[in-house]
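Any value given below was found using the heavy atoms of this structure, including those in side chains, with hydrogens, waters and symmetry copies removed. Ligands are counted one by one from 1 in listed order, and the atoms in each one are counted from 1 as well. Owing to the predicted nature of the structure, the values given are computational and were not obtained by experimental measurement.
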Amino acid sequence: MRILLLGAPGVGKGSQASRIAKTLSIPHISTGDLFREQIAENTDIGRKVSSFINQGILVPDEITVDILAKRLINDDCRSGFVLDGFPRTIQQGQRLDKILKEMNINIDAVVNISLDDSSIVRRITGRRTCSSCGAIYHIEDYPPKTDGVCNNCSGALTNRSDDLPSIIQQRLQIYHDQTKPLIDYYMSKVKFVHIESDKLITVTTRKVYEALEIFDNIEMKDVDGHETITE
Ligand code: ADP
Ligand code: ZN
């Protein structure tokens with residue numbers, strides 16, 4: 001299955017994408033994660049993209065489309081993939097259409113996850129990520145047992161450099177201006193499902209799975225090692 005997730009920053013796209021990927025044994029491809037890996041490894045690309053990301057603005061298409069196209073031709077994408085954070089503009093949508101056409105494949109479903117802006121800001125400002133295992137916490141809704149320390153692996157919890165309030169506003173503005181039009185772009189073309197993001201990740205996951213007819217018996221709470229986690 002080839003799935004594309006749409007939605008503003010902070011709606012929980014990443015969490016849902018990683019769950020779908022795990023259930024279907026397909027890769028989770030996040031352009032944001034690909035960029036953060038490059039930054040962590042201090043590569044040429046990493047050095048080029050970090051200032052855009054830190055300002056909360058889009059990385060230029062020539063870099064973004066290139067890194068995405070290279071990722072999609074990997075063998076592990078043959079059985080499908082979950083795209084998270086790409087495309088973010090109509091132009092990127094058109095570029096993706098071209099790439100997929102050349103590969104002779106189609107997107108099977110687009111999932112649009114929505115949440116109001118004030119909840120988004122609250123979620124992002126409280127979000128903390130484990131620097132070693134990637135587990136996600138929220139300082140009020142899902143605090144770690146010990147401040148700043150991961151329950152699973154004792155790794156240090158950090159916030160992303162672009163999760164500052166002023167930068168979040170910038171990212172939301174770009175979402176409304178440039179990414180939201182993709183809803184209309186895809187709605188008429190492909191199976192399109194609209195999901196309201198719930199406070200509980202598991203509840204959102206169940207809605208997504210129902211809409212995509214993904215059947216999964218695993219206890220969803222075990223996926224992240226969390227009992228009940230709020231996004
Ligand atoms: P979020 O969805 O929370 O904004 P991401 O990890 O998807 O987080 O993206 C983080 C940053 O990476 C974006 O603000 C942007 O600078 C850059 N980025 C990610 N995907 C794209 C893309 N498709 N086009 C341009 N820039 C991107
Ligand atoms: Zn951890």
Before signing off on this row, confirm whether Gly85 and ligand 1 have an N or O atom pair separated by under 3.5 Å. yes
Distance check, rounded to the nearest 0.5 Å: Asn112 atom CG versus Lys13 atom NZ? 10.0 Å
Nearest heavy-atom neighbours spanning Val193 and Ala211: CG1-CB, 3.8 Å
Only heavy atoms count here, so choose which of Arg160, Arg171, Arg123 is nearest to atom 10 (C) of ligand 1. Arg160
Specify the protein heavy atom at minimum distance from atom 24 (N) of ligand 1: its residue, its atom name, and the distance to 0.1 Å. Gln92 NE2, 2.9 Å
Kindly say whether Ile201 contributes a backbone atom to a donor-acceptor pair with the side chain of Gln16 at under 3.5 angstrom? yes
Looking from the Zn ion (ligand 2), what is the angle between SG on Cys133 and SG on Cys150, to the nearest 10°? 110°
Identify which of Gln178, Arg88, Gln170, Lys13 has a heavy atom lying nearest to atom 9 (O) of ligand 1. Arg88
Atom 27 (C) of ligand 1: nearest protein contact (heavy atom, Å): Phe35 CE1, 3.8 Å
Mark yes or no: Lys207 above the aromatic ring of Tyr209, with NZ or CZ under 6.0 Å from the six-membered ring centre and no more than 45 degrees from the axis. no
State whether the side chain of Arg47 and the backbone N or O of Asn42 hold a donor-acceptor pair below 3.5 Å, judged by distance alone. yes
What is the closest protein heavy atom to atom 26 (N) of ligand 1, and at what distance does it sit? Val59 N, 3.0 Å
Taking atom types as modelled and ignoring hydrogens, do the side chains of His28 and Asp33 form a donor-acceptor contact shorter than 3.5 angstrom? no
Atom indices of ligand 1, in the order listed, that fall short of 4.0 Å to a heavy atom of Ile57: 15 (C), 16 (O)
Could you walk me through whether Thr89 and Gln178 pass side-chain hydrogen bond (donor to acceptor under 3.5 Å, both in side chains), step by step? CA-CA 5 Å; Thr89 63; Gln178 300 196 51; 5.4 Å; no
Output yes when a side-chain donor or acceptor of Gln55 lies under 3.5 Å from a complementary backbone atom of Ser51, and no otherwise. yes
Closest to atom 20 (N) of ligand 1 among protein heavy atoms sits Thr31 OG1, 2.8 Å
Give the numbers and elements of all ligand 1 atoms closer than 4.0 Å to a heavy atom of Thr64. 22 (C), 23 (N), 24 (N), 25 (C)
Any nitrogen or oxygen of Asp33, main chain or side chain, under 3.5 Å from a nitrogen or oxygen of ligand 1? no
